[in-house]
Amino acid sequence: MNASSVNAKTAEPVVKPAVPGMDSWDWETSEKAIADLVEMRERFPEVHEFSVSPDGERIAVPVKTEDGQYTICVNGEPWEQAFEKAWYIRFSPDGRLTALVRADDAWTVAVEGEPWEERFEYIWNTIFSADGGTIAAQTKRDMQYSVVVNGASWTNSYVSCRGIAVSPGGEKVAAIVQPVPLKEADIFGFMDGTWTIAVNDKQWDRNFINVYEPAFNSDGRHLAAEVRLGTCEYTIVKDGRPWQQTFGCIWEPLFRPEGGSVLVPARVGKSWVLVEDGHRLWSGEYDQLWRQKISPDGSRIAAVAAPIFGKWTIAVDDVAWEKTYSDCVLEPFFSPDSKRVAAIVKEDNRWTIAVNGEPWTETFEMVWNPAFSPDSKIVIAKVERGGRFSIAINGRLWRKNFQMLWEPVFSPDGGKILVRGVEDGKYIRRIVEIVELL
């Protein structure tokens, strides 16, 4: 379901899943000067948005060359291949660099400089499995829409395709598709339903008025999605079968790690409640409720909640934090031990982090997702103040600041932090002892 508020913004998880190969990263070299961004801007007519690899060893950017072509420049060295266009560069979780590229007036994905053979009128929304082994994207060809996975297109195409999801292990890719054409002003055809889900190139048997936010469970065997059955009638469809219960509105579904049940905020009457497999789970009623999260041990649930109109906070196991915020509260993040919850909060146009209901005293112009240390004792976040970027640790601002900065990453033992930032025009990879930031 589309959300109109900033509170609906999807963000990366704080308790991040194990990054492939993270143990083998260089956690010993204190500083590496990787690339001179000033020199790159002098060398190329156009230099676009930079992206940094998860291990911090590479910085990449689309650039325009002297002959009017585009390519990707990695650590200052351009790919051998040139294209008519190149953009939307993304590093996969396993560190491979991808870009959307156009050659001979057709688009595809290039992985580490090698374009897929399949070509399309257009391609967009590159996404990855958790381990990076599966790369998928949405495509348009001959006015039909479909999905390409690791360079191979689905055989079926559709009138439209409105979003995709990849199972954690990468075995399955799901897409919201419109298999039935709809004539202009065909209200009856619209109410009969023209949208459904396709999984690995095979669509569900039933169509719905609308379908939103498909979500896989942890092992990828099950898929749930929001669907609209009537003018104001919504429910969850799991593996193609709708719940018997319907609601005035619902938000994105979430599977429990164990047991396979589905949690979803649902509108009942004038209030929002938390529902599990169609039945009410929390007794509390809220003016709004969304972005539910389950703790790593599976025992607790947290969600963004509005106890009354315009007052936002976090509710944990149906108990709302005492302090509320008028501007904004973003999704909750559990600590690895499941005992602490952190969230980005905003009041009087200033951002900060609240942990277990207590906001940091320092406030900022912008705050990025908080991250817990492996022992759950330390919370860090990238922050912006005065147009410069730095790291806040347990609410205190680090003395160093940067022209550009990517989100910090804890070492596997929690004793160090990987800092990926730009200082004096140079991209530098640093490993910083945690005691230096405290």
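As a basis for the values below, the full set of heavy atoms in this structure was taken, side chains included, without hydrogen atoms, waters or symmetry mates.
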Chemist: List the residues meeting side chain to side chain donor-acceptor pair (under 3.5 Å) with Arg350, not counting sequence neighbours, and say none if there are none.
Modeler: Thr363
Chemist: Got Asp26 and Glu28 here, is their nearest side-chain heavy-atom distance under 4.5 Å?
Modeler: yes
Chemist: Answer yes if the ring centres of Trp272 and Tyr286 are under 6.0 angstrom apart, and no otherwise.
Modeler: no
Chemist: May I have the step-by-step check of salt bridge (Lys or Arg N to Asp or Glu O under 4.0 Å) for Arg58 and Glu112, ending in yes or no?
Modeler: CA-CA 12 Å; Arg58 297 196 294 168; Glu112 296 294 349; 2.7 Å; yes
Chemist: For Glu436 and Arg399: C-alpha separation, side-chain torsions, deciding distance, then whether salt bridge (Lys or Arg N to Asp or Glu O under 4.0 Å) applies.
Modeler: CA-CA 10 Å; Glu436 183 179 332; Arg399 57 179 172 78; 2.9 Å; yes
Chemist: Report the relative orientation of the aromatic rings in Tyr122 and Trp124; use parallel for angles under 30°, tilted for 30 to 60°, perpendicular for over 60°.
Modeler: parallel
Chemist: Given side chains that start at C-beta, do those of Val264 and Phe247 come closer than 4.5 Å, heavy atoms only?
Modeler: no
Chemist: Within the 4.5 Å heavy-atom criterion, are Ile391 and Val383 side-chain neighbours or not?
Modeler: no
Chemist: Mind checking whether Ile393 and Ile434 have side chains closer than 4.5 Å, heavy atoms only?
Modeler: yes
Chemist: So do the side chains of Asp413 and Pro374 get within less than 4.5 Å of each other, counting heavy atoms only?
Modeler: no
Chemist: Who passes salt bridge (charged side-chain N to carboxylate O under 4.0 Å, His left out) against Glu423, sequence neighbours left out?
Modeler: Lys400, Arg430
Chemist: For residues Phe216 and Pro168, determine if any side-chain heavy atom of one lies less than 4.5 Å from a side-chain heavy atom of the other.
Modeler: yes
Chemist: Begin from the C-alpha positions of Glu252 and Trp290 and carry the test side-chain contact (heavy atoms from CB on, under 4.5 Å) through to its verdict.
Modeler: CA-CA 8 Å; Glu252 183 178 1; Trp290 56 18; over 6 Å; no
Chemist: For the residue pair His48 and Tyr70, does the interplanar ring angle fall in the parallel (under 30°), tilted (30 to 60°) or perpendicular (over 60°) class?
Modeler: tilted
Chemist: Shortest non-hydrogen contact from Ala315 to Trp282?
Modeler: O-CH2, 3.8 Å
Chemist: Identify the residue among Val111, Thr98, Ile164, Ile89 that makes a side-chain contact (heavy atoms from CB on, under 4.5 Å) with Thr126.
Modeler: Thr98
Chemist: Are side-chain heavy atoms of Asp317 and Ile301 found at a separation under 4.5 Å?
Modeler: yes
Chemist: Please name the pair of heavy atoms, one in Arg429 and one in Asp55, separated by the smallest distance, quoted to 0.1 Å.
Modeler: NE-O, 2.7 Å
Chemist: Could you please spell out the steps behind the side-chain contact (heavy atoms from CB on, under 4.5 Å) verdict for Val61 and Phe44?
Modeler: CA-CA 11 Å; Val61 62; Phe44 297 102; over 6 Å; no
Chemist: Counting C-beta onward and ignoring hydrogens, is there a side-chain heavy-atom pair between Val63 and Val47 closer than 4.5 Å?
Modeler: yes
Chemist: Would you please test Glu285 and Arg280 for salt bridge (Lys or Arg N to Asp or Glu O under 4.0 Å) and show each step?
Modeler: CA-CA 10 Å; Glu285 297 184 353; Arg280 189 163 172 171; 3.2 Å; yes
Chemist: Is the Lys NZ or Arg CZ of Lys293 less than 6.0 Å from the centre of Phe334's six-membered ring, within 45° of the axis?
Modeler: no
Chemist: Mark yes or no: Arg162 above the aromatic ring of Tyr212, with NZ or CZ under 6.0 Å from the six-membered ring centre and no more than 45 degrees from the axis.
Modeler: yes
Chemist: What distance separates Met366 CE from Lys346 NZ, expressed to the nearest 0.5 Å?
Modeler: 7.0 Å
Chemist: Carefully, step by step, assess Trp406 and Ser51 under the rule side-chain contact (heavy atoms from CB on, under 4.5 Å).
Modeler: CA-CA 9 Å; Trp406 285 263; Ser51 182; 5.6 Å; no
Chemist: So Trp368 and Phe389, would you call those rings parallel, tilted or perpendicular, with 30° and 60° as cut-offs?
Modeler: perpendicular
